[in-house]
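To start, the structure itself, in structure tokens.
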Amino acid sequence: MSSFDEDDAFEATAVPRVPLSRRAMAARPAPYLDGLNPAQRAAVEALDGPVLMLAGAGTGKTRALTARIAHLLMTGRALPNEILAVTFTNKAAREMKERVGRLMGETVEGVPWLGTFHAISVKILRRHAELVGLKSNFTILDTDDQIRLMKQVIAAASIDEKRWPSRQLAGLIDAWKNRALTPDRVPASEASAFNSLGTELYAAYQQRLLDLNAADFGDLLLHVLTIFQKHQDVLEQYQRWFRYILVDEYQDTNVAQYLWLRLLAQAHHNICCVGDDDQSIYGWRGAEVGNILRFEKDFPGAKVVRLEQNYRSTGHILGAASGVIAGNEGRLGKTLWTEAEGGEKLRLIGHWDGEEEARWIGEEIEALQRGGRGSPPKSLDDMAILVRASHQMRAFEDRFLTIGLPYRVIGGPRFYERLEIRDAMAYFRLAVSPDDDLAFERVVNTPKRGLGDKAQQKIQATARAHGLNLLEGARVLLAEGGVSGKGAGQLRAFIEGMDRWHAAVARGDNHIELAETILDESGYTAMWQADKTPEAPGRLENLKELVKALESFDNLQGFLEHVALIMDNDSGETEEKVSIMTLHGAKGLEFPAIFLPGWEEGLFPSQRSMDESGKKGLEEERRLAYVGITRAKELCTISFAANRRVYGQWQSQLPSRFVDELPEEHVDVLTPPGLYGGGFGAAAPVAESTIESRAARADVYNSPGWKRMQAQGGARPAAPAARGTVIEGTAFGLGDRVFHQKFGYGAVTAIDGDKLDIAFEKAGPKKIVARFVTSADSAADIPF
DNA sequence: CATTAGAATAACACC
DNA sequence: TATTCTAATG
């Protein structure tokens with residue numbers, strides 16, 4: 001049972017077409033065409049045959065795409081259920097649904113087959129699950145389950161986990177799945193590279209999945225692909241149903257998705273792909289830019305439309321972005337232009353370290369919020385910080401928490417990935433389907449029931465011996481008296497509870513009350529209530545929220561289905577907040593003001609990308625830079641730090657090569673007044689410090705980025721003055737202005753070993769251990 | 001069996 | 001640094 005409205009879609013198509021309704025639709029005017037530019041209009045009106053829409057950043061591609069859907073419907077070319085529209089993220093799907101709805105008004109209920117590859121695949125797979133050996137109520141595993149299962153497979157094959165880390169194997173298998181390689185199709189060359197063990201484990205893993213009646217994310221696509229390939233009749237059925245296909249973000253499709261689409265489009269060729277090769281940033285998860293580059297070969301006679309007029313950004317932002325992306329080779333090439341010439345140049349600023357960078361950006365955000373320099377005040381909702389890697393977010397969160405600046409992290413640790421939520425969900429899963437062994441494993445000893453490794457192994461063995469699921473296995477084991485003293489009673493209670501809850505699900509009891517009952521009776525809530533760690537209250541809060549989220553569903557099954565695919569969390573908050581997200585997460589979004597911190601070699605471009613994929617990796621990083629800059633409508637601020645903590649170790653950083661690739665005429669180099677004592681042309685760097693730091697500094701000063709800053713009168717960190725006590729690499733002197741997380745700013749009045757007497761401006765005098773405070777004037781405190 | 005201390009290891013992120 | 005895994009202890 002799924003929460004999808006799949007049956008509606010199918011029934012509607014089963015009914016003979018009603019020419020009347022088509023004509024009725026066709027008779028309506030076409031307001032959705034108003035205001036489209038010629039290129040957009042061409043893309044919208046070329047309904048039949050293959051179309052490739054090359055849509056640069058901010059060129060109104062979503063608009064064109066939605067107008068195209070509206071056009072298909074209004075002209076009567078297709079009924080809503082005859083359109084297949086694929087997006088990459090749920091966010092994009094949601095937005096498109098909304099916009100189609102707005103364009104169509106009351107005319108159309110919605111386009112049922114609009115969703116992500118995965119969501120659509122699930123719908124299809126549920127109908128034909130038996131063709132690949134699954135039952136239609138299969139569970140969808142997330143990455144976490146996947147890894148745990150992988151561990152079992154590795155253990156079962158009695159292989160040294162050290163040699164075959166489960167994570168790595170999971171990654172390998174994922175990559176194969178992305179390339180549409182089932183175990184039997186993995187090329188011998190790759191299999192041999194891993195002693196053919198890799199494919200064996202892959203096969204074993206797939207078998208385990210079937211045993212568990214489960215599919216991982218990759219399977220969702222791959223199974224459907226297999227069905228299409230092996231069952232011509234099923235394929236033809238879908239080819240008939242999906243008369244028009246639209247694909248968003250085509251540059252990010254992987255091989256499996258590509259084949260999936262090609263099979264469906266084979267018959268009628270009515271496929272419209274929208275993409276931008278310059279925004280292909282998912283190579284590491286199997287995306288093939290090649291797909292978009294060879295579209296015209298795949299679909300001969302394809303009409304190619306270029307959307308090049310940018311409606312989003314100022315001329316400077318566009319110019320800077322174009323300058324950077326020009327460094328890539330083998331592009332399809334587009335010339336973006338805008339009527340909005342001028343505007344503010346990009347701002348470039350270097351900082352001494354990451355904290356300093358966060359501090360500066362925080363102040364800058366507050367300044368933008370106040371307005372000033374002639375520009376009107378901006379809402380926090382209009383600003384975003386885009387980082388390369390999620391761990392960079394921390395510095396900002398820390399800083400914003402201390403200054404009380406509201407922020408939201410987008411795509412950070414998600415609600416549904418939290419420990420307590422996953423535990424609770426496992427309880428629900430087990431109550432809904434007692435066959436869910438992974439869920440059983442997760443909760444059988446959570447809270448602690450005295451059922452450790454040994455007891456669980458016994459359960460496993462019993463279950464296997466009798467060919468039962470773990471829950472039943474446990475029941476048998478208990479009956480046989482295989483569990484010793486204290487565990488036995490608790491296990492019995494657990495099983496009985498599960499029986500009760502399962503019966504309640506079957507009866508169709510109110511699912512919200514049931515969820516509360518489950519969490520209550522299982523002792524799960526009590527476990528957190530008894531927990532005295534600081535995060536426990538938050539976890540309880542989350543559990544409450546989880547129960548509340550159930551309200552929008554009819555039953556637990558529907559909820560679980562939803563959560564498996566929609567792992568995002570739009571809590572519908574209304575307070576103004578700055579957004580913090582990764583560059584990947586920012587794709588498709590736009591903000592008036594964008595901050596791009598951390599433009600440093602090794603961080604961005606990421607060392608790992610370059611190590612693993614060489615020049616290809618670097619080019620993808622460059623596209624990421626392009627994506628970042630083009631998110632900005634009015635103001636884009638790029639920054640880098642000379643020092644950064646990596647795994648807790650201080651490292652000196654070089655400005656990113658992308659900094660040097662920014663065309664000068666579009667960039668202003670900033671020096672924040674008062675933050676750097678020295679200003680440009682200040683005396684030599686640190687008098688005498690360690691050799692590494694001298695070398696590092698020399699590098700920084702020799703890098704083109706710093707040179708240019710210098711040439712333009714840019715920032716340079718002041719040399720720390722001679723200091724008194726040195727504590728753990730941190731130097732403070734009498735009278736230094738310092739900052740403490742809790743007490744705020746203050747001045748050092750005395751030094752006693754590693755303890756400082758500090759007169760805080762707000763909190764008064766305190767004695768503080770030196771490592772709890774940082775220097776408030778940027779450059780002085782950095783250990784190097 | 002649970003707890004804990006120390007060591008190892010880790011960081012691109014979508015469904 | 002922060003989490004997670006392993007081994008050793010109670």
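Just so it is clear, the values below take in all heavy atoms, side chains as well, and ignore hydrogens, waters and symmetry mates. Just so it is clear: chains get the letters A, B, ... in the order the sequence lines come, proteins before strands, and each one is counted from 1.
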Could you tell me whether the phosphate oxygens of [N], OP1 or OP2, come under 4.0 Å of any side-chain nitrogen or oxygen in [X]?
X: A:S390; N: B:dC12; answer: no
X: A:N90; N: B:dC14; answer: no
X: A:R388; N: B:dA13; answer: no
X: A:K151; N: C:dC5; answer: yes

Tell me which nucleotide among [options] gets nearest to the side chain of [X].
X: A:W284; options: B:dC15, B:dT3, B:dA13; answer: B:dA13
X: A:R394; options: B:dC12, B:dC15, C:dA2; answer: C:dA2
X: A:K448; options: B:dC15, B:dC12, B:dT3; answer: B:dT3
X: A:T143; options: C:dT1, B:dC15, B:dC12; answer: B:dC15

> Do A:R399's NZ or CZ and the ring of A:F396 fall within the cation-pi criteria of under 6.0 Å and 45°?
Replying inline: no

> Does NZ or CZ of A:R631 come closer than 6.0 Å to the centre of the six-membered ring of A:F591, within 45° of the ring's axis?
Replying inline: no

Separation of [X] atom [atom1] from [N] atom [atom2], in whole Å?
X: A:R645; N: B:dA10; atom1: CZ; atom2: P; result: 21 Å
X: A:R167; N: B:dA8; atom1: CZ; atom2: P; result: 20 Å
X: A:Y282; N: B:dA13; atom1: OH; atom2: C1'; result: 6 Å

> On DNA chain B, nearest-nucleotide positions of A:R285 versus A:N445: which is more 5'?
Replying inline: A:N445

> Relative to each other, are the rings of A:F228 and A:W260 parallel, tilted or perpendicular (30° and 60° limits)?
Replying inline: tilted

> Under 30°, 30 to 60°, or over 60°: which ring-plane class applies to A:W284 and A:Y282, parallel, tilted or perpendicular?
Replying inline: tilted

> Which part of the nucleic acid, if any, lies within reach of A:Q392 when heavy atoms closer than 4.0 Å are counted: base, sugar-phosphate only, or nothing?
Replying inline: nothing

>> Please classify the nucleic acid contact of A:T116 as base, sugar-phosphate, or nothing, using heavy-atom distances under 4.0 Å.
In response: sugar-phosphate

> Have A:N178 and A:N254 got a donor and an acceptor in their side chains that come within less than 3.5 Å?
Replying inline: yes

